2 protein chains.
Amino acid sequence: MSDQVTIEDVARACGVSRATVSRVINGESRVRPQTIEKVNEAIRALGYHPNLHAKALSGGGTDTVALMLPGVWRSYHAILIEGVEEVASREGFHVLVRTKDYLEEAERLFDEGRVEGFIFRNMDRAEEHAKLFSRLARRGIPFLLIGNPLGDYPAIAIDNVGGGRMVARHFLEHGFRRMLYLSGPADHADSQDRYFGFRVGLEEGGLGPEAILRAEGDYTTRSGFEAAARLIPELEPEAVFAANDRMALGVLLYLRKRGLGVPGDMAVVGFDDAFFSEYLSPPLTTVRPPIHEMGTTAMKTMASILRKPGSLTGKIILPTSLVVRASCGCPFAPGEGSPLFDGSFNSE
Amino acid sequence: MSDQVTIEDVARACGVSRATVSRVINGESRVRPQTIEKVNEAIRALGYHPNLHAKALSGGGTDTVALMLPGVWRSYHAILIEGVEEVASREGFHVLVRTKDYLEEAERLFDEGRVEGFIFRNMDRAEEHAKLFSRLARRGIPFLLIGNPLGDYPAIAIDNVGGGRMVARHFLEHGFRRMLYLSGPADHADSQDRYFGFRVGLEEGGLGPEAILRAEGDYTTRSGFEAAARLIPELEPEAVFAANDRMALGVLLYLRKRGLGVPGDMAVVGFDDAFFSEYLSPPLTTVRPPIHEMGTTAMKTMASILRKPGSLTGKIILPTSLVVRASCGCPFAPGEGSPLFDGSFNSE
DNA sequence: TACAAATGTGAGAGCGATTACACAATGTAG
DNA sequence: CTACATTGTGTAATCGCTCTCACATTTGTA
């Protein structure tokens, strides 16, 4: 505040003009090596840092992107942020995180010049998102989506379909023929895709859609518990595939309460590979999404969009993997004999 | 980029000068109501948003703060960010999150004019932090600490001592006389304070320091497991107080592997109330820190520091609470008979 | 009625950078 | 040895806003 060192100071300190200093800073053409040296020396000596706002105002970029996150999904988002920030800091970008009212505030962030682009972790409210995205696209504002592709906009997605398909195949290997899919909110794309993959996988194994029973939750443990309580006694599936691990946990809790053994009486598989999943009893078989990698990929993509305009981007789909533990009915290999402990600690 | 609407445009549109428009925007003195109306109308009509950089350059504030987080502690940080962002967005601030190299980059962020203040979640590396903080303080740069008070700098902390003390008292109620404290890294203040409170609590109950055995971990589940494996057979405590829930989990895993019952053969209590803690078998008794509230409090404090310079701030200590479940030896009241399920779902 | 005080508005000087343009010094070719 | 690139550097306009100062108009007071 008080002691701003300006480009003028540097210029004066080594007897050149502001223009020359600016050229040195931006590694531009035609400055005598000797002058470069002198200027850099002064910059270091004075502790000079170019003022962002002056730079931005006179045409330079701000190298700032906004990461827009809906306000739930705690550890998931933390990992995402870490991934984004990791690449951002490496590439010289800065990350503004926005959680509240991010739909309403997005354009303003851009109009004020705060950010040059957006990374959205769009979840529900597909309508509003679509509207915003089409406005951004029309205005040529760079943005990309994490998680839920929408329209033709650039997106980083995980292979939900592939994940669902892997679960289906695995269930088939176990010989199940009557399965319950516990979905998230009906309009949620992730959940839909997982279901689709699940169905495809079963079909590939010769089972029609009638083999799949359906229940709907809202991703919370409680909703998993309640859906299980509501439908399991009635439908009596052999196996449950929950759209996320929390709901799978809810199912587990219900089954335990009812005295039903897992996987003895019923198999349960989740999606997300949450921190707690490997510690459940039995350890939960689940599908692991590459969250951190989504973050890094998103930021890398955004960086290249901003640095070299014209670089066109489509959808990038990152592979998921099936983490086989015990709740599906598999013998749990890595164990020490303890159902609570798989010895890997790999989620830390 | 192309279609910046400037203050000049607005001025022209309603036949006044830039100065007047500026006054209206900043709610300043002495503008005729009628003119205000006219200007606001034009602003709305043109979709005008003041350019951040121009504003900042000409003396205005940027209302941006940096949230500096060490790169671990996933869900913890997510909750913190949410808290900070919640208040920030409400108060018109913006949050830049930095994880990598935040010690080295902090001053630059300020010198470039990117941010007006810092919120640090400082953990290890006390030396380097102290050095940075003293520089910031000398330069009059606003900052505050979350979690680990250091020197006289403004800080938001949780009552680690109180938490440790509550655990001690609770252990005493159970009649334990020989306890193991499983600390985090030796130089970690949180862990030290929890230990201190624990000791105080025991002393208040008439037990000297010799009643406390000590082991050191690094906050990971694995380190908890290994410390337990290394020391429990030798020391044979009646109860273990781990500096965090993950290590407590490690202890639980070890005990289970050894066939020791919890709380029958040994009581275990953690700290943090992590997501998984209530689902462990047995549900883990632990100390809950008000993480979200730390975030909101931090941002509120920062906002008032920035808005009204001179408002002095000291340390704010937020209370912790003991979450009594079953691992301490208490009957687990809310249960449905199931050790995995406490029926509350309250961490979602 | 006269003059001071308050009120409302405009002109213009920065803020700290970038960058187009001008110009001097040096190098090269005819 | 002139003519013309090439190279290195400086001058000054510009970005969009705030804010001081000056000035015009209205209101209040004696």
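What you are looking at is a predicted structure, and each value in this text was computed from that prediction instead of being measured. Residue numbers begin at 1 in each chain, while the letters A, B, ... track the order of the sequences.
In this structure, B:Lys131 NZ and B:Ser134 OG are separated by 9.0 Å, a value rounded to the nearest 0.5 Å.
Using a cutoff of 4.0 Å between basic side-chain nitrogens and carboxylate oxygens, B:Lys100 and A:Glu85 are not scored as salt-bridged.
Following rounding to the nearest Å, A:His49 (NE2) and C:dA17 (C1') show an atom-to-atom distance of 16 Å. Residue B:Arg114 contributes atom CZ, which lies 13 Å from atom P of C:dA17 at whole-angstrom precision. Atom NZ in B:Lys55 sits about 16 Å away from atom P in D:dG16, given to the nearest Å. Atom C1' of nucleotide C:dA17 and atom CG of B:Asp111 are separated by 16 Å, given to the nearest angstrom. We find that CD of A:Glu37 is positioned 17 Å from C1' of D:dG8, with the value rounded to whole Å. What separates CD of B:Glu112 from C1' of C:dT18 is a distance of 16 Å, to the nearest Å. Going from atom CZ of B:Arg12 over to atom P of C:dT9 covers 19 Å, rounded to whole Å. For A:Leu52 and D:dC15, the CG to C1' distance is 14 Å, given to the nearest whole Å.
Backbone-only contact: A:Gly15 has heavy atoms under 4.0 Å from sugar-phosphate atoms and none from a base.
Considering only side-chain N and O atoms, B:Arg32 lies under 4.0 angstrom from the phosphate OP1 or OP2 of C:dT9. Between B:Thr20 and the phosphate of C:dG10, there is a side-chain N or O to OP1/OP2 separation shorter than 4.0 Å. In this model, the phosphate group of D:dC15 is not approached by any side-chain N or O of B:Thr6 to a distance below 4.0 Å at OP1 or OP2. Between B:Asn26 and D:dT18, a side-chain N or O to OP1/OP2 separation shorter than 4.0 Å is present. Listed pair A:Ser58 / D:dT14 fails the phosphate criterion, with no side-chain N or O lying under 4.0 Å from OP1 or OP2.
For A:Glu104, the CD atom sits in a packed shell: over 12 heavy atoms of surrounding residues, nucleotides or ligands are nearer than 6.0 Å.
Classification of the A:Phe133-A:Phe143 ring pair by plane angle, with boundaries at 30° and 60°, yields parallel.
Closest approach to the A:Leu57 side chain among D:dC15, C:dA17, D:dC17 is made by D:dC15 (side chain taken as heavy atoms from C-beta onward). Comparing atom distances between the B:Ser17 side chain and each of C:dG10, D:dT11, C:dG16 picks out C:dG10 as nearest. The side chain of B:Arg23 sits closest to C:dG10 out of C:dG16, D:dT18, C:dG10. In the set C:dG16, C:dG10, D:dC17, C:dG16 carries the atom at the smallest distance from any side-chain atom of A:Asn51. When distances are taken from the side chain of A:Arg18 to each of D:dT9, C:dT19, D:dA12, the shortest belongs to D:dA12.
Ring pair A:His129/A:Tyr153: centre-to-centre distance not below 6.0 Å.
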